[in-house]
Amino acid sequence: MLELAKEQIAMGQKAADKAQALRLLADRLVADGLVAEGYLEGLQAREAQGSTFLGQGIAIPHGTPQTRDLVFATGVRLLQFPEGVDWGDGQRVYLAIGIAARSDEHLRLLQLLTRALGETDLAEALRRASSAEALLKLLQGAPQALALDAQLVSLNLAAEDFDELAWRGSRLLQRAGCVDNGFAAALQQAEPLPLGEGLWWLHSERQVLQPGLAFITPQQPLRYREQPLNGLFCLASLGAAHQALLERLCEVLIEGRGQMLYQATSSRAVLEVLGGEVPADWPSVRVVLANPHGLHARPAKALAQLAKGFEGEIRVRLLDSAQPAVSVKSLSKLLSLGARRGQALELIAEPGIAADALPVLLAAIEQGLGEEVEPLPKCVVPEPMVEADALQPPLAGSHIQGVGAAPGIAAGPAHLCVERDIDYPLRGESPAQERVKLRQALEAVNAELQALVQRSEKAIGEIFVTHQEMLADPALTDDVELRLAQGESAAAAWMAVIEAAARQQEALHDALLAERAADLRDIGRRVLAQLCGVQTQEAPEQPYVLVMAEVGPSDVARLDPARVAGIVTAHGGATAHSAIVARALGIPAVVGVGESILLLAPGTALLLDGQRGLVSVAPGADELQRALAERDLREQRLQAAWASRHEPAVTRDGHAVEVFANIGESTGIDKVVDQGAEGVGLLRTELIFMAHPQAPDVATQEAEYRRVLDGLQGRPLVVRTLDVGGDKPLPYWPIAAEENPFLGVRGVRLTLQRPQVMEEQLRALLRAADQRPLRIMFPMVGQIHEWREARAMVERLREEIPVADLQVGIMVEVPSAALLAAQLAREVDFFSIGTNDLTQYTLAIDRGHPSLSAQADGLHPAVLSLIDMTVRAAHAEGKWVGVCGELAADPQAVAVLLGLDVDELSVAARSIAEVKALVRQADHQTARALAREALQQDSAAAVRALVERY
Ligand code: PEP
Ligand code: MG
């Protein structure tokens with residue numbers, strides 16, 4: 001992605017004319033290795049086609065499609081010409097931004113520049129800028145206008161109190177792209193200001209991306225701090241963008257016209273009072289952009305010029321975006337859309353000119369706005385991963401590797417449930433009729449979901465409760481309402497809003513949150529099917545393997561486990577809700593096997609292994625028989641293991657290993673003990689934090705930890721201190737967005753930056769301990785000073801709160817900790833190896849990656865070497881080592897870990913009986929030999945093959 005940096009800027013340049021300026025730029029791009037010699041011709045050819053003057057003293061020379069091959073690396077170089085260069089047509093350029101880009105990456109840069117272009121005297125400021133820093137500031141720091149439009153107004157909300165209104169306000173701002181998801185928490189800490197007439201004001205500058213104002217009114221009269229609460233303004237504050245609005249609001253209040261705001265029945269009325277952007281109830285047309293590089297400067301300029309030929313207002317917006325419509329006549333606004341090929345635009349024009357202007361603009365866009373355009377495929381799929389045409393169905397006898405999502409072996413004919421496109425009209429009959437249709441569809445889907453909630457067990461039911469909440473989310477329905485008012489059909493409005501929300505969710509750079517996009521699309525499809533009267537697919541009677549592109553949670557839960565033997569999906573990761581549902585239902589599942597599976601002939605025999613993530617297509621009779629025999633054997637083994645779950649795990653030659661449980665909540669500990677746990681080896685305290693609506697204080701935490709210790713009745717408890725970060729943020733704890741959250745401020749790095757949080761947690765733990773065995777460990781330790789700082793805090797608190805049986809250690813999940821184990825082992829009491837993260841960091845594979853995570857196998861010899869190193873170092877100092885990552889419960893890994901002399905295995909409670917049984921079957925000396933041999937292998941697959949042979 002193109003970004004601006006001061007190193008790219010050369011100040012104080014001189015050029016007699018445009019040709020010389022282009023030469024200077026080309027020389028600079030060549031010298032810096034971005035392009036090959038000859039790119040200058042591209043720059044010249046491009047200028048010959050049309051000037052690259054952008055406005056405000058800025059030009060953006062770039063090559064032509066023909067010279068794209070000369071680009072080695074994408075980048076920009078900026079030359080400041082204080083004396084100016086004549087760019088033709090009387091335009092003077094003070095800053096030339098030379099772009100080397102192979103595709104449409106420069107659209108992002110144009111979006112950024114358009115902010116600066118809004119400034120009135122930027123050209124002069126660019127000319128005078130005396131340093132690269134100052135110039136950058138001008139380009140990036142231009143104040144943005146306050147967002148205030150219909151999507152930021154929500155009236156008559158069924159809210160119960162002030163906090164709920166504030167939360168709704170932040171949601172509106174988030175939807176509009178004004179704030180990050182930490183804004184709600186920031187707002188909670190802000191001091192509310194009464195404005196009079198029951199109107200309140202709340203603002204924060206934290207987590208703000210773009211200034212914006214939301215206004216919300218409650219359905220019922222509310223009170224707050226003993227005053228009426230009729231309406232709330234939530235301001236995402238950035239600079240002085242809100243100044244004019246504030247002045248206008250003061251006038252309204254001084255004149256005693258506040259009720260015009262809180263008694264308003266439409267967002268239009270509110271916007272008229274406040275001077276916000278009033279939605280136009282104007283004729284519109286839609287068109288899909290076909291330009292190969294999107295709406296970049298040249299076609300945008302052509303469009304703006306064409307629009308300027310019509311007297312009156314014409315706006316355009318991206319259909320799948322929450323951004324408001326912008327004027328087509330403004331080049332900078334057009335560029336700010338960042339429209340790409342395949343995205344649908346909606347043109348909206350004043351009624352007086354619509355009949356003339358819209359067909360002209362529509363035709364011009366369809367014809368490419370002066371560029372050659374390839375026709376678009378009939379159905380434009382966003383970012384297709386594979387070209388469907390190039391795919392072949394998997395061959396009989398082939399094996400496909402996917403991601404194991406739910407363990408178990410299943411066989412049966414494939415039942416393909418490939419989603420059919422549902423056609424729907426774009427325009428509605430009338431807003432009122434469409435509103436009724438949508439309400440009926442939402443009610444019907446809500447009733448369907450309610451039935452599913454009642455039919456499902458708790459964990460699954462909760463997912464459907466979330467779906468019901470999504471369905472009732474006022475931010476969604478408000479957006480839909482806006483579209484209905486503009487004449488869209490209920491189906492079109494609903495699907496556009498769902499798609500925009502899902503994309504926004506996907507853009508959050510958080511695997512878990514991104515997977516919630518699947519939930520949104522799931523409810524989206526349900527409502528669409530209702531609206532269009534489409535029946536959902538009936539499943540066949542005999543046990544089958546369900547094959548789908550991506551399974552929505554509701555698809556899975558609607559299934560009858562007695563008839564669905566297994567699930568295979570083309571997309572998706574192991575942490576998707578559908579995978580969780582499949583696990584809870586005990587249906588073996590393999591996800592992310594790739595698009596080709598969707599081309600299978602219905603009824604093809606499939607065999608899947610949810611543990612190994614493998615799918616066999618039309619397996620031979622032998623393979624099938626072997627697999628089914630393995631399944632039966634496993635079933636019998638599990639039953640036997642359950643019967644002896646309370647017995648210790650001792651190998652045949654008398655070596656004992658402790659088998660503990662991983663837990664994430666304080667309730668249900670009795671059940672965990674009943675499943676055979678000898679202690680808790682990992683209490684993920686962040687899950688306890690997440691279960692609270694706000695950060696639990698010391699007393700609340702103490703009660704939680706005490707409950708676990710009480711339930712354990714003297715068995716040890718290993719607690720991990722708060723492990724959050726950009727990868728898994730707490731809703732009430734704003735964390736700055738990071739490019740690579742897994743490599744960012746997470747785990748102990750974060751808690752050391754917020755010592756008060758860590759201190760409170762440690763206090764709660766020490767207070768809860770009494771005489772019971774408590775072990776505390778710190779996550780993500782990668783440097784010895786992190787461990788020492790954390791330990792020092794425990795020691796200080798321990799003087800204040802004595803604990804009889806305390807050990808303090810670290811999780812080994814960063815390779816540097818394993819490599820430093822010898823030094824660390826002298827100081828810690830124990831190590832617990834988090835193989836999930838250790839594997840991710842050792843193999844450099846994002847653990848949630850939908851296609852790569854299948855290769856993130858903890859049995860990789862590189863990971864095993866680090867475990868070996870850690871155990872040896874610990875034992876040399878007389879310290880113990882546990883493994884608490886998923887690897888500890890992998891039946892193929894247990895013997896290897898045993899052979900590496902790990903002292904404790906901590907696994908999900910449901911795996912305890914099986915792991916204990918596996919230990920009992922093993923022989924420690926043989927396992928040691930196996931482990932030595934495993935360390936010599938060159939891949940995880942080779943280790944697994946070795947284990948099979950043993
Ligand atoms: C691990 O990384 O292996 C681990 C146990 O921690 P988490 O999965 O919670 O990151
Ligand atoms: Mg971890």
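Atoms within each ligand, like the ligands themselves, are counted from 1 in listed order. When reading the values below, keep in mind they use all heavy atoms of this one structure, side chains included, and skip hydrogens, waters and symmetry mates.
Interface atoms of ligand 1 facing Leu682, defined by a heavy-atom separation under 4.0 Å, are 5 (C). Taking every non-hydrogen atom of Arg684 and a distance limit under 4.0 Å, the qualifying atoms of ligand 1 come out as 4 (C), 5 (C), 6 (O), 7 (P), 8 (O), 9 (O). Distances below 4.0 Å separate heavy atoms of Gly834 from the following atoms of ligand 1: 1 (C), 2 (O), 3 (O).
The Mg ion (ligand 2) sits nearest to atom OD2 when only the N, O or S atoms of Asp837 are considered.
Annotation for Val593 and Val568: closest pair CG2-CG1, 3.7 Å, computed over non-hydrogen atoms. Of all heavy-atom pairs spanning Arg932 and Gly899, the tightest one is NH2-O, 4.3 Å. Contact detail for Phe183 and Arg206: the closest heavy-atom pair is CD1-O, 3.2 Å. Scanning both residues, Trp880 and Gln807, for their nearest heavy atoms gives NE1-OE1, 2.8 Å.
Applying the 6.0 Å contact sphere to CD of Gln756 captures no more than 12 heavy atoms from other residues, nucleotides or ligands.
Every N/O-N/O distance between Glu686 and ligand 1 stays at or above 3.5 Å.
Of all the heavy atoms of Glu886, none lies under 4.0 Å from any atom of ligand 1, so neither backbone nor side chain is involved.
For the residue pair Asp901/His924, the side-chain donor-acceptor check at 3.5 Å is satisfied.
Ranking protein heavy atoms by distance to atom 6 (O) of ligand 1, first place goes to Arg720 NH1, 2.8 Å.
For residue Glu813, an N/O/S atom approaches the Mg ion (ligand 2) to within less than 2.8 Å.
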